[in-house]
Amino acid sequence: MILAVSSLKPPHPRYRGRFAPSPTGPLHAGSLASALGSWLDARSNQGAWLVRIEDLDAPRCIAGMDQRILAQLQACGLTWDEEVLWQSQQLKTYQNVLETLYSDRQIYPCTCSRQQITSALSSQGKLRARNQEQIYPGTCRHGYVWQAQLPEAMPPSAWRLALKPEQVIRFSDAELGSQEQNLNTDVGDFVLLRADGIVAYQLAVVVDDARQGITHIVRGADLLSNTARQIYLQGILDYPTPQYRHLPLVLDPHGEKLSKQTQATEINTASEAAALQALQAAALHLGLRNLSDGQDQTIAEWLLQATHAWADRTKQISRTQN
Ligand code: GLU
Ligand code: ZN
């Protein structure tokens, strides 16, 4: 154990936001709206805005897509303030955190196949509908004997977090108001290291948000259901919990979330006028009305105006929440 978890505690009191794209495809209308929302939130708070490339899930990443996304952000005037961080270069850090969690008896190996989980759940009468996430029945946790240190000669397996009982997580979302999730009944012992050796999103995002001193997380509402898990992890790792704000999703004409699967098309940033048009569409999705049409404006001028509009919208939301 080289790096103590407490040494990861960030010393930054000022606003620090971030955009954390996965390089699985270029920016589309939905991801641009998330990027713009978090950029505007940082700028309207005179804060710093960071970009982090979440490229741990190598089989889903596309070579060169990180650079393409960075170029798209740049073409849209969404500039960042510090060096870009690639998660694939932080593996040692995640490993250290996993070792700490192991020595705190917080994680255990799980060798259950999907089928084993399903049959265990169905024999307990706890199988959920097909489209719902199944709650791990704890099979491998029962009877597991923790060693003093993470055993080296271990068959490859997933590592799950041993949730403490009665973990009802509550938080106030700056966009959506008060939120609550019971981790034991809604999520169960979730995976922090996958059986294929890939560090799970939940762990990496929490470690990096803390290491980068992120104070405000503004992202799409599709990530809302992950937030309670992340807040729980922050608690056991002794990290501060940032303020969360989940933005309305951009939907396709069928009311489905835009993603590569639903053929979300790449935003056009071939010219300044095209990029401005993409930004305007994103601003409308974020609920910013009455912005000028951008005629005779540079992107920088339009962004400044949008920053003020964002600050007004934020004030309105916090008035209706209080
Ligand atoms: N990398 C995640 C995604 O692209 C976002 C992570 C986050 O903002 O927390 O969906
Ligand atoms: Zn198991």
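Order of appearance sets the numbers: ligands from 1, and atoms from 1 within every ligand.
- His216 and Arg245 are not linked by any side-chain donor-acceptor pair at a separation below 3.5 angstrom, with hydrogens and angles left out of the test.
- Between the side chains of Glu166 and Asn184, no donor-acceptor pair is found at a separation under 3.5 Å.
- At a threshold of 2.8 Å, the Zn ion (ligand 2) has no backbone or side-chain N, O or S atom of Gln116 nearer than that distance.
- The Zn ion (ligand 2) forms the vertex of an angle spanning SG of Cys110 and SG of Cys112; to the nearest 10 degrees it equals 120°.
- Counting only N and O atoms by type, the side chains of Glu99 and Gln95 include a donor and acceptor under 3.5 Å apart.
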Tabulation required: pairs of a nitrogen or oxygen in ligand 1 and a protein nitrogen or oxygen under 3.5 Å; columns are atom names and distance to 0.1 Å; otherwise 'none'.
unit_1	atom_1	unit_2	atom_2	d
ligand 1	1 (N)	Ala20	O	2.7
ligand 1	1 (N)	Ser22	OG	2.9
ligand 1	1 (N)	Glu54	OE1	2.6
ligand 1	4 (O)	Ser22	N	3.4
ligand 1	4 (O)	Ser22	OG	3.2
ligand 1	8 (O)	Arg18	NH1	2.6
ligand 1	9 (O)	Arg18	NH2	3.0
ligand 1	9 (O)	Tyr201	OH	2.9
ligand 1	9 (O)	Arg219	NH1	2.7

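- There is a side-chain donor-acceptor pair under 3.5 Å between Glu266 and Gln72.
- Although no hydrogens or angles enter the test, the distance criterion places no donor-acceptor pair under 3.5 Å between the side chain of Arg194 and the main chain of Trp159.
- Judged by a 6.0 Å distance limit and a 45° cone about the ring axis, Arg160 is not positioned over the six-membered ring of Tyr108.
- Using modelled atom types, one side-chain atom of Gln179 and one backbone atom of Gly177 make a donor-acceptor pair closer than 3.5 Å.
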